Amino acid sequence: MIKLQNVNKYFYKGEPREVHALRDINLTIEDGEFSLFSGPSGCGKTTLLNAIGALDSVDSGHIFLDEREITTLGEDARTSLRLNEMGFIFQAYNLVPVLSVEENIGFIMKLQGFSDAQIKKRVLELASILEIDKLLGSLPNSLSGGQQQRVAVARAVAAKPKIILADEPTANLDSANSKKLMDMMRELNEKEGISILFASHDELIRDSVRRVIKMNDGALI
Amino acid sequence: MYRLLIKMAWKNSFSRLSRTLLLITMIAVSMSMMIGIQGLYDGMANNMLDKNKRSASGDISIFAKEYRVQKDIKYRIKNAELIKKDLEGMAGVKAVVLRVKADGLGATARKSSFASLYGIDLDAEEKFGRFGEFLKEGAISFDNRGALIGLELAKTLKLHVGSKLIFSTQDINGDINSLSLRVNAIVQTTNIPLDSDAIFVDRKKVQRFLGVKDGEVTQIAIMGEEESLENSLKDKYPEYDVKSFLELQPMMQMMQDMMFIFNSITFFIVMSVVFVGILGVMYVSILDRIREFGIMLGIGMHYKYIRLQIFLEAIFVSLSGYISGAVLGAILLVYLRDYGIDLSAFSDALEMWGYESVIHGTIKLSYFTTTFTAIITASILSIVIPLRKIQKINPIDVIKAEK
């Protein structure tokens, strides 16, 4: 469970161009949620997603992952938290270009110290679900955008994190690939019980999720 | 994990193939040139040392006390044959020669010059220092009042093979005597005093000429393991003046030190260039992938693994450069050792300083080990600045920048 209490975040704090990016956010996200932060551009949804993902700091308030406060963690502890508890899916896929699809999917598991056999089993399982089992030996640059994003999803899911944070995952995909990806992510959410949080203004995602958290000017509405 | 890091580092090292190959070529060429220059410098110094030892002092020389100061035949070793026998039975002694020397005047009908008469045994000198290799012109022989003349003395007195000369000096009784000689050969030892002053004649003939007995000489020269032997000889013959090569020729020590300084300067310049090369390529390579590293940090890869990956990349590239450089350098050194560089165009200047006009290189394992250490150190130092850049990355900035 993720709990946010009175979270505030400013950009350019103390400068004339100061922006209040997150305003007194109070929010609880239960385990297994399949939710979307929705709102116009600049409303703070990505900032909120990054704060929950321990990628960005906040200026005041508290964020708890289960009972553990993450806002007070040091850089190393935040890296470990991101490695062990979270999965990330980015708009630009961000796969490691010199590693094969198979190695990219198993990358986080490798960092966590899983054995080769465990990684292999999990990679094959996910590749089959995400229909990329024929591409395991390929390099990311030889794949289409949709295929690359499915590899990125597999990488995020592989180590079974508590929560997956997906920022505009369909922004670079056509509608057919977007729908396919969302169906697969929903299947993973249901099968694996992993919470998945999206930040997007894609209507397809809004129609696919079970909960939509609306935002405007940095506040929940 | 480490296997994966090695794989990533290896693939990244060669992902920009032309850039990496350029760096490897730069390291290889710089290194092989540097090794070649080191080999030549050392070759020049060693050649000079070697010829000085072979033609004059050996590793150790024994003189009568006072001889080196007074240069007078009355300060001579009187039981030289016995000492020689004794020395030849000692461990570590490779060869021993007896020499008699007297300073005097060398003269032809038109020219005269200071000269030193050396009484030597050709067979023993051949075994001691391959004397025959010093031959420049004529034949190494003392037949028919024959003498062998140093190249520069021959020039001064305008002597050729077959020319006649007179050498005059005082004998043991103080009487001035002359020796009529015929030039059988002109020799060049590249030992400056010998080439400019020496007249080599059969030792027994010189002993008779000077009025000293058969077993009496002015110098016993020894080839052997210098350091261990020197002390034992000093203990064994306290009544004589036992001197090592470097004590007799302090200029040679200076020459060795100077070559060491030249080598160090060359080494420093070349390694600085290599360092800047590796730094430039690593820096650009890391800047190219700054987003990739930011994302890796973002998804939970610890900085220490990224640091290790970059370290491995630098090592792979520099090791490839080192291996190529070592192979090229070895080929160059073998060529320089076997064929040398012909600098005959500068032979006058070189010979004036005691160098041969064809310079041969030497091969030492230390060229390769020091270069290895320096290249690995340079590659480690070259990643310090790029790593600091990565350490300062905030993953969120990279992630925001891509949107």
Side-chain angles (χ1 to χ4, degrees), chain A residues 9 11 41 46-47 49-51 53-57 75-100 102-104 106-116 119 139-141 152 155-156 158-159 161 164-165 167-168 171-172 199, chain B residues 1-17 19-20 282 284-314 316-317 387-403:
Chain A
K9 167 86 182 169
F11 291 125
S41 287
T46 295
T47 308
L49 203 70
N50 289 337
L55 280 167
D56 210 352
S57 58
E75 199 48 57
D76 248 24
R78 284 149 69 101
T79 307
S80 294
L81 181 85
R82 291 197 296 269
L83 174 65
N84 297 310
E85 315 279 352
M86 304 191 178
F88 295 89
I89 300 166
F90 304 101
Q91 182 179 328
Y93 330 129
N94 292 322
L95 302 173
V96 181
V98 294
L99 296 182
S100 67
E102 183 176 353
E103 288 162 335
N104 264 290
F107 188 68
I108 301 288
M109 292 182 78
K110 199 86 184 170
L111 289 178
Q112 289 184 0
F114 282 91
S115 72
D116 286 348
I119 294 170
L139 288 174
N141 288 346
R155 179 179 68 182
I164 288 178
L165 305 163
D167 190 11
E168 303 282 9
N172 289 339
Chain B
M1 181 65 216
Y2 294 104
R3 225 172 49 215
L4 184 73
L5 286 178
I6 291 169
K7 187 174 181 181
M8 285 166 70
W10 179 259
K11 287 190 167 184
N12 276 314
S13 299
F14 295 95
S15 60
R16 298 268 194 280
L17 196 60
R19 191 165 64 190
T20 306
M282 286 309 296
V284 171
S285 160
I286 286 165
L287 281 185
D288 275 358
R289 292 182 288 143
I290 206 89
R291 201 180 71 103
E292 187 183 317
F293 292 123
I295 297 293
M296 281 178 170
L297 287 167
I299 62 176
M301 187 170 185
H302 281 278
Y303 169 72
K304 64 179 178 183
Y305 292 125
I306 292 175
R307 184 177 57 199
L308 180 59
Q309 186 193 325
I310 290 168
F311 169 75
L312 288 171
E313 284 179 28
F316 285 150
V317 174
L387 278 177
R388 287 184 66 175
K389 184 115 189 140
I390 292 178
Q391 207 169 12
K392 285 180 187 163
I393 297 176
N394 188 350
I396 192 66
D397 295 333
V398 176
I399 292 163
K400 273 181 191 166
E402 82 180 22
K403 291 194 76 174

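The analysis underlying the following values was restricted to heavy atoms, covering all of them including side chains, and did not include hydrogens, waters or symmetry mates. Note that the structure is a prediction, hence the values are computed from the model and not measured. Order of the sequence lines sets the chain letters (A, B, ...), proteins ahead of strands, with each chain counted from 1.
Contacts between Arg3(B) and chain A at a heavy-atom distance below 4.5 Å involve the side chain alone, from C-beta outward. Residue contact with chain B, scored on non-hydrogen atoms closer than 4.5 Å, involves the side chain of Ile108(A) exclusively. Contact of Arg155(A) with chain B is made through the side chain alone, with heavy-atom distances under 4.5 Å. For chain B, the nearby part of Glu103(A) is the side chain; its heavy atoms alone come within less than 4.5 Å. Proximity to chain B is limited to the side chain of Asp116(A), based on heavy atoms less than 4.5 angstrom apart.
Arg291(B) and Asn94(A) make their closest contact through NH1-OD1, 2.8 Å (heavy atoms, listed as atom of the first residue, atom of the second, distance). Shortest non-hydrogen contact noted between His302(B) and Ser80(A) is NE2-OG, 2.9 Å. Taking all atoms of both residues into account, the shortest heavy-atom contact from Lys11(B) to Val98(A) is CD-O, 3.1 Å.
With respect to chain B, the highest number of heavy-atom pairs below 4.5 Å among Leu83(A), Leu99(A), Asn84(A) belongs to Leu83(A).
Checked against Phe316(B) for a ring-ring contact (aromatic ring centres under 6.0 Å, His included), the options Phe311(B), Phe14(B), Trp10(B) give a single hit: Trp10(B).
Here the side chain of Asn104(A) pairs a donor or acceptor atom with the backbone of Val96(A) at under 3.5 angstrom.
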